[in-house]
Amino acid sequence: MWTLSGFSDEISPDLELQASTATGLGLTHIEFRSAWNTNVLDLDADQLAEAKRILDAHGLKVSSIGSPIGKIFIDEDFAPHLDRMRHAADVAKHFGAPYIRIFSFFLRPDTDPAAVREEVINRMRALAEVAAEADVVLLHENEKEIYGDIPERCLDIVETVDSPNLRLAWDSANFVQVGVRPFSEGYAMLRPHLAYIQIKDAHLADGQVVPAGRGDGELLDTVRALRGDGFDGFFSLEPHLSVTHSLGGFSGPELFTEAWQAFTDMLKAEEIPFA
């Protein structure tokens, strides 16, 4: 049984509306990135308590903390960011979330990835150590313009750090936006390390984000392969159908519903059960 989740802040800044829309679509989980126009890691204690109350009232669990950890430049001071990682672990515990999404640091223009590899690996290893202490699993997302933006460098990170507390999140659209055909060029390589799937599609020609199955993200091939090899985990809707920026995106209730419909139609056509 595959479990659907989603970046519910793409529905609305208001957490109550996020929760009611999510449950109206039958979701049992959300990926918590922000509420009330505030990143989840910047919510104060009262806001965190209120967020937990709202989600509990709607019967929603948190599949992952959609954190911005790792979304700083590789040459920026890491110590404050490591403290932020420790806070992210506390936030995950507050919501009972098993995963925290992270990134492998933005590179300055014209930076040779090989020149910063050692620093990236050292930082990712430090983040994984915090996760191990907190008994949570980090999900590295293949965001564009970071070190781990292509399959080969995603594999380098996860194999070199070699921690059970660092796995991979798969984002087809992000791969497309860096010129990669996700399934053809990355799936076999990365599948042993995949723990979480983000549902987003895009066109190779211009990088435009579109609903699942309408772009070049090879989502149908990926879904069929995941079913065939027994994947049993979360599929998190991240539509980005209205606004996209470096810290996330927005769709609104109608476009979020369209994204949900496109993906669930695909699952139904393939006779794949989901909840």
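A donor atom on one side chain and an acceptor atom on the other are not found under 3.5 Å apart for E31 and S63. Judged by distance alone, the side chains of E218 and S172 never bring a donor and an acceptor atom under 3.5 Å apart. In the model, H81 has no side-chain atom that pairs as donor or acceptor with a side-chain atom of E76 under 3.5 Å.
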**Request:** Using the side-chain contact (heavy atoms from CB on, under 4.5 Å) rule, take L237 and L4 through it: C-alpha gap first, then chi angles, then the decisive distance, then the call.
**Result:** CA-CA 8 Å; L237 298 163; L4 302 192; 5.5 Å; no
**Steps toward side-chain contact (heavy atoms from CB on, under 4.5 Å) verdict (L138, R167)** = CA-CA 6 Å; L138 304 182; R167 305 293 303 283; over 6 Å; no
**Item:** salt bridge (Lys or Arg N to Asp or Glu O under 4.0 Å) evaluation trace for E258 with R214
**Value:** CA-CA 12 Å; E258 180 181 344; R214 302 180 193 172; 2.8 Å; yes
**Request:** Determine, stepwise, if the pair S236 / I197 fulfils side-chain contact (heavy atoms from CB on, under 4.5 Å).
**Result:** CA-CA 6 Å; S236 186; I197 311 298; over 6 Å; no
**Request:** Let me see the working for D56 and R53 under salt bridge (Lys or Arg N to Asp or Glu O under 4.0 Å), right down to the final yes or no.
**Result:** CA-CA 5 Å; D56 287 349; R53 184 197 67 76; over 6 Å; no
**Message:** Quick one, K144 with F106, criterion side-chain contact (heavy atoms from CB on, under 4.5 Å). Give me CA distance, side-chain angles, the key distance, then yes/no.
**Reply:** CA-CA 8 Å; K144 54 188 174 293; F106 288 122; over 6 Å; no
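L139 and L127 sit in two unconnected hydrophobic clusters of ILVMFWY residues. Membership requires side-chain heavy atoms under 4.5 Å apart, directly or through other members. Hydrophobic clustering (ILVMFWY, side-chain heavy atoms < 4.5 Å, transitive): F175 and V210 are in distinct clusters. Cluster membership for I11 and L27, using ILVMFWY side-chain heavy atoms within less than 4.5 angstrom, is shared. When the side chains of ILVMFWY residues are joined at heavy-atom separations under 4.5 Å, either directly or via intervening members, F95 and V137 end up in two distinct hydrophobic clusters. Tracing side-chain contacts under 4.5 Å through hydrophobic residues (I, L, V, M, F, W, Y), one reaches V130 starting from I65; they form part of the same cluster.
Here the side chains of L43 and V91 are not in contact, with every heavy-atom distance at 4.5 Å or above. Between F32 and L15, some side-chain heavy-atom pair lies under the 4.5 Å cut-off. Residues F235 and S5 fail the side-chain proximity criterion, which asks for heavy atoms closer than 4.5 Å. For the pair H140 and S104, the minimum side-chain heavy-atom distance is below 4.5 Å. Taking 4.5 Å as the limit, some side-chain heavy atom of T160 sits within range of a side-chain heavy atom of R117. For the pair V180/V176, no side-chain contact is recorded, criterion being any heavy-atom separation below 4.5 Å from C-beta on. Residues E119 and M124 form no side-chain contact, since every pair of their non-hydrogen atoms from C-beta on lies 4.5 Å or further apart. Within the 4.5 Å cutoff, the side chain of Y187 has no heavy atoms near those of the D221 side chain.
A perpendicular orientation is assigned to the rings of Y99 and Y196, their planes being inclined by more than 60° (bins at 30° and 60°).
Note that CZ of F78 and CG of D83 are 9.5 Å apart. Values are rounded to the nearest 0.5 Å. Atom CD1 of I157 sits about 7.5 Å away from atom CG of L166, to the nearest 0.5 Å. Atom CD1 of I146 sits about 7.5 Å away from atom CD of E141, to the nearest 0.5 Å. One finds the CZ atom of F256 at 7.0 Å from the CD atom of E10 (value rounded to the nearest 0.5 Å). Separating the CE atom in M266 from the CZ atom in F274 is a distance of 12.0 Å, to the nearest 0.5 Å. To the nearest 0.5 Å, atoms CD1 (I72) and CG (D77) are separated by 7.5 Å.
For T21 (side chain) and A19 (main-chain N/O), no donor-acceptor pair under 3.5 Å exists by modelled atom type. When atom types are taken as modelled, the side chain of E270 and the backbone of L267 share no donor-acceptor pair closer than 3.5 angstrom. Judged by distance alone, with hydrogens and angles left aside, the side-chain atoms of T111 form no donor-acceptor pair with the main-chain N or O of P113 at under 3.5 Å. One N or O on the side chain of W2 and one on the backbone of F231 form a donor-acceptor pair closer than 3.5 Å. Side-chain N or O atoms of H94 include one that pairs as donor or acceptor with a backbone N or O of L48 at under 3.5 Å.
Dense packing is recorded around CD of E152, with more than 12 heavy atoms of other residues, nucleotides or ligands lying under 6.0 Å away. Surrounding CG of D229 are more than 12 heavy atoms belonging to other residues, nucleotides or ligands, all under 6.0 Å away. Within a 6.0 Å sphere centred on NZ of K93, other residues, nucleotides and ligands contribute 12 heavy atoms or fewer.
Between D149 and R153 there is a salt bridge, since at least one side-chain N of the basic residue sits less than 4.0 Å from a carboxylate O of the acidic one. By the 4.0 Å N-to-carboxylate-O rule, R33 lies close enough to E238 to be salt-bridged with it.
Looking at every heavy atom in both residues, G217 comes nearest to T222 through O-OG1, 4.3 Å. Here the closest non-hydrogen pair linking K200 and D171 is NZ-OD2, 2.5 Å. The minimum heavy-atom distance linking W260 with L25 is given by the pair CZ2-O, 3.3 Å. Summarising the geometry of D9 relative to Q18, their closest heavy-atom pair is N-OE1, 3.4 Å, with the distance given to 0.1 Å. Closest of all the heavy-atom pairs between A88 and I69 is CB-CG1, 4.4 Å. Residue A97 comes nearest to V136 through the heavy atom pair O-CG2, 3.9 Å, listed as atom of the first residue, atom of the second, then distance.
Under the side-chain contact (heavy atoms from CB on, under 4.5 Å) criterion, H193 pairs with L155, V158, E159, L168, sequence neighbours left out.
Under the 6.0 Å distance and 45° angle rule, R123 counts as a cation-pi partner of F105.
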